[in-house]
Structure formats: C-alpha cells, structure tokens
Number of protein chains: 2
Amino acid sequence: MPTSDVRSKILEEATRLFAARGFEGTSIQAIAEAVGVRKPSLLYHFKSKEELRQAVLDELLTRWNEVLPELLMAAAEVDRFDGVLDAMADFFLEDPDRARLLVRETLDRPEDVRQRLERYVRPWVDVALSQLSKAQREGHVHAKADLPAYVVHLVQLVVGSIAVMDTLVALLPEDAGDRRQRLRAEMRRMARSGLFAPRPKNYEVAAE
Amino acid sequence: MPTSDVRSKILEEATRLFAARGFEGTSIQAIAEAVGVRKPSLLYHFKSKEELRQAVLDELLTRWNEVLPELLMAAAEVDRFDGVLDAMADFFLEDPDRARLLVRETLDRPEDVRQRLERYVRPWVDVALSQLSKAQREGHVHAKADLPAYVVHLVQLVVGSIAVMDTLVALLPEDAGDRRQRLRAEMRRMARSGLFAPRPKNYEVAAE
DNA sequence: CCTACCGATCGGTAGG
DNA sequence: CCTACCGATCGGTAGG
C-alpha cells in the first residue's frame with residue numbers, strides 16, 4: 001500500500017464533509033472524529049487544514065483526468081458525443097460529492113479553480129472543440145452554435161445539476177417513476193438538441 | 001422609511017458576504033464592520049446569525065416573486081419565452097450574489113431550500129408548464145421534451161451559470177469580445193433549441 | 001499516533 | 001446603539 005490507510009480515509013471523509021457542509025463549516029476535529037483518530041494525528045498527515053483542502057481537490061481532478069481524456073481520445077465512433085457526455089455524468093453521479101465540492105470550491109476560491117480548470121480541463125475541452133468545429137463545418141452541428149460557450153455551459157449543466165440534484169428532483173411531480181432518471185434523460189436531450197442540426201438519425205461528431 | 005437604514009444595510013452586506021464567503025465563512029463581526037456598527041448592535045436587529053440568514057434568503061426570494069410572476073402573467077406576446085428567460089437572467093445578472101447565495105444555500109440546507117422553492121418558485125413554474133404543454137400539443141415544442149424536467153434544468157442553467165460566471169468566462173478564448181455576453185447569448189440559444197421544434201421563425205409559446 | 005495545551009476568534013448576553 | 005464580558009470551539013503546536 002503506497003499511501004497509508006489512514007491518510008486515504010482522511011481524504012475520503014474530508015471530501016464527504018467539505019461537500020456537505022463546506023470548508024469553513026467543517027472543523028478538522030469533525031474530520032478526525034469521522035476517521036477515528038485524534039486531531040493532532042490528522043495534522044501529522046496534512047500539515048494544515050489548507051493543505052488538506054488542496055489534497056482533496058487534487059485527488060478529485062486527478063481522477064477526472066484519469067477517466068475523461070481516454071474516452072475522448074478513443075477511436076471515433078458513432079455515439080462518441082453520447083459516450084463523453086454519459087461518462088462525464090457517470091463520473092459525478094457515481095459520487096455527487098464530487099460535483100458539490102467542485103461547485104463550492106468555485107464559489108469559495110474562483111481564481112484557484114480557474115487555474116486548475118486551465119490545467120486539468122481545458123486540454124480535453126480543446127480536443128472536443130476541434131472535433132465539434134469539424135462537425136460544424138460539415139453541417140452536422142448547428143451553424144449558430146458558439147461552440148466554446150456551448151461546452152462551458154454543458155459542463156456547468158452537468159456538474160451544477162448533479163450538485164443540487166436532490167433538491168431539484170423534489171420539484172418534479174411526485175408520481176413520476178425515477179425522477180433522477182428523468183432529469184438525466186432530459187439533460188441528455190437538451191445537450192443534444194443544442195448541438196445537432198436537425199438530422200435526427202445522424203448525429204455523430206466525428207465519423208470518418 | 002419603514003425599515004431602519006441600518007437594518008437594510010446589514011441585509012445588504014450580509015448578502016454580499018454570505019455570497020462571497022459562505023455563511024460559515026462569514027462572522028457577524030465581519031458583517032458589523034462592513035456596516036460600520038458594533039456586533040451587539042447587529043444582534044439587536046437580528047437576534048441571531050441564523051435569523052439573519054433566513055432574513056437574507058427571504059428578501060432574495062421575495063424580490064424574485066415581485067419580478068417574475070407579473071412577467072409570466074402578462075398578456076401573451078410573440079416573444080413571451082424570451083421575455084421570461086431574459087427577465088430571469090437579468091434578475092440574477094443585476095446582482096450575481098443572488099445566484100451565488102441561492103446555490104450556496106441549496107448546498108448548505110437542501111431541505112430548507114426545497115420548501116422555499118415549493119412556495120416561491122413552483123407556482124409560476126406551474127403556470128409556465130401549462131402554457132408550454134399547450135404549445136407542445138400544438139406542435140411548437142419538441143414532442144420528446146420532458147417539460148417539467150426541462151424547466152428545472154433551465155432554471156439551474158441560468159442560476160448556476162451566473163453563480164460561477166466569472167470563473168467560466170476565463171475558459172473562453174481571450175480574444176473574444178465580451179465573453180459574458182457570449183455566454184449569455186449561447187445560454188439563450190441552448191434554451192430555445194432545447195424547447196422549440198424546428199420551425200425557426202415561429203417560436204412563440206402561447207400565441208392566441 | 002497520543003495527551004496536553006496555546007492564543008484567537010466564534011456567536012451571543014448583561015447591562016446600560 | 002455601546003462597552004465589557006461569557007463559555008465554547010477554532011486551527012495548530014510541544015513533546016513524547
């Protein structure tokens with residue numbers, strides 16, 4: 001085991017608590033209790049609360065960078081767009097705390113997050129953009145779409161919706177079956193209809 | 001003057017600071033300083049920090065409820081949809097702290113916000129939905145659209161995007177003119193294309 | 001990884 | 001609207 005068991009448990013509980021209560025709303029005492037150690041033991045692994053914050057965010061964005069680029073780089077397929085969109089949604093739905101943490105951090109430290117997005121997210125956004133531009137020139141994508149702005153909104157739509165999903169589902173009619181599933185399906189539909197020119201059956205992004 | 005000058009100044013500074021640093025990240029001492037009074041004076045106007053939080057949120061949602069319903073109820077016009085969407089965007093762009101506060105509060109107190117949305121937002125969402133349903137039956141709106149889910153996502157798109165707009169614009173190419181304006185225009189385009197069936201020129205919601 | 005302890009700041013009150 | 005003050009908790013350190 002490369003990193004100690006306690007260290008990764010601290011990261012796990014810190015992620016959970018920062019997401020639920022925010023950084024300022026979470027004491028290192030509370031994290032230590034959740035882990036099952038004393039406060040000074042936590043501070044042996046992370047020299048300060050600020051260092052723990054950075055480590056939590058680092059881990060989140062590192063995992064993001066493990067999952068998404070390879071999907072984006074994969075051989076062109078008919079449903080590439082759906083694949084990337086679903087993978088992004090899956091990543092955050094798998095643990096909605098990731099979305100909440102990212103939104104909180106963006107509100108708490110806009111400049112810090114901006115620099116991280118520049119480093120972690122922009123590269124694969126640029127790849128997606130070059131493919132989408134090609135599809136736009138070929139007429140598969142709405143000519144009027146402002147692609148960089150579209151992608152930014154799409155990411156915000158996915159991350160933001162998942163971050164507050166538990167509150168949003170409550171606004172849907174109660175009788176509806178799986179309200180989360182409905183929100184997700186409609187998110188996908190909105191993403192597609194905002195992108196693809198009206199050729200219902202032929203929507204691939206980069207079919208060679 | 002119905003409410004004292006100091007009281008409204010406290011609400012104003014509290015809104016600003018809660019939005020920027022969060023509730024837990026803002027001390028009542030800091031708010032008192034921003035207002036120019038001592039801490040116990042602030043606590044004369046609001047018996048506790050919690051009471052101040054509720055008052056700040058009340059004011060925000062009350063203003064929302066002053067602006068939006070009348071717009072929604074106004075006589076049917078060709079560009080009703082754009083009108084409502086723009087009014088909503090204007091409301092939050094006029095003071096982006098409103099969006100940030102709402103997002104933070106949703107993360108901090110999901111159940112509390114859910115109940116308030118039920119009271120403040122749901123009524124006019126229901127009005128919008130009945131009009132959109134009619135438009136959908138008449139074929140102006142995508143048949144596949146899940147309208148309740150669509151509206152929920154649309155509100156989240158507007159509020160969420162504005163809440164983190166300063167960070168998002170930094171992801172757009174630097175050369176672009178007014179990047180905020182670009183984001184806003186694309187938001188509008190996404191909202192429309194997700195809703196209206198492909199009849200480019202005829203997009204009104206409820207034209208009698 | 002622990003006990004013991006630090007100064008600073010927190011939300012809030014007494015009393016005028 | 002103020003001065004003066006409260007106990008509790010904060011992040012962090014000494015020392016082992």
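Since we're looking at a predicted model, the values are computed, not measured. Chain letters run A, B, ... following the sequence lines, proteins first and then strands; every chain starts at 1. All values below come from the heavy atoms of this structure, side chains included, with hydrogens, waters and symmetry mates left out.
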Does R98(B) count as lying over the ring of F91(B), i.e. NZ or CZ under 6.0 Å from the six-ring centre, within 45 degrees of the axis?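 Yes, R98(B) and F91(B) form such a contact.
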Other residues, nucleotides, ligands: >12 heavy atoms within 6.0 Å of R188(A) CZ: yes
Check whether any side-chain N or O of S27(B) sits under 4.0 Å from OP1 or OP2 of dT9(C), and answer yes or no.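 No.
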Tell me, with the steps shown, if D108(B) and R104(A) meet salt bridge (charged side-chain N to carboxylate O under 4.0 Å, His left out). CA-CA 10 Å; D108(B) 285 351; R104(A) 281 192 187 276; 2.7 Å; yes
Roughly, in whole Å, what's the span from [atom1] in [X] to [atom2] in [N]?
{"X": "R53(B)", "N": "dC10(C)", "atom1": "CZ", "atom2": "P", "value": "17 Å"}
{"X": "Q29(B)", "N": "dA8(D)", "atom1": "CD", "atom2": "P", "value": "21 Å"}
{"X": "E50(B)", "N": "dC10(C)", "atom1": "CD", "atom2": "P", "value": "18 Å"}
{"X": "E51(B)", "N": "dG11(C)", "atom1": "CD", "atom2": "P", "value": "15 Å"}
{"X": "L43(B)", "N": "dA4(D)", "atom1": "CG", "atom2": "P", "value": "18 Å"}
{"X": "E33(B)", "N": "dC2(D)", "atom1": "CD", "atom2": "P", "value": "12 Å"}
{"X": "F46(B)", "N": "dC1(D)", "atom1": "CZ", "atom2": "P", "value": "11 Å"}
{"X": "Y44(B)", "N": "dG16(C)", "atom1": "OH", "atom2": "P", "value": "18 Å"}

Which nucleotide, in any strand shown, forms a Watson-Crick or G-U wobble pair with dA4(C), with both distances under 3.5 Å? dT13(D)
Could you check which of [options] has an atom nearest any side-chain atom of [X]?
{"X": "K39(B)", "options": "dG12(C), dT13(D), dC10(D)", "value": "dG12(C)"}
{"X": "K49(B)", "options": "dC10(D), dG12(C), dG12(D)", "value": "dG12(C)"}
{"X": "V6(A)", "options": "dG12(D), dC1(D), dC1(C)", "value": "dC1(C)"}
{"X": "S41(A)", "options": "dC1(C), dC1(D), dG12(D)", "value": "dC1(C)"}
{"X": "I28(A)", "options": "dG11(D), dT13(D), dG12(C)", "value": "dG11(D)"}
{"X": "R38(A)", "options": "dC1(C), dT3(C), dG12(C)", "value": "dT3(C)"}

5' priority, DNA chain C, between K47(B) and G36(A) [closest heavy atom]: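 Upstream on the strand: G36(A).
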Given DNA chain D, 5'-ward residue of the pair L42(B) and P40(A), judged by closest heavy atom: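 Mapping each residue to its closest nucleotide by heavy atoms, the 5'-most match is L42(B).
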Any carboxylate oxygen within less than 4.0 angstrom of a Lys/Arg side-chain nitrogen, looking at E118(A) and R122(A)? yes
Looking at E59(B) and R63(B), does any basic side-chain N land under 4.0 Å from a carboxylate oxygen?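 Result for this pair is yes, salt bridge flagged.
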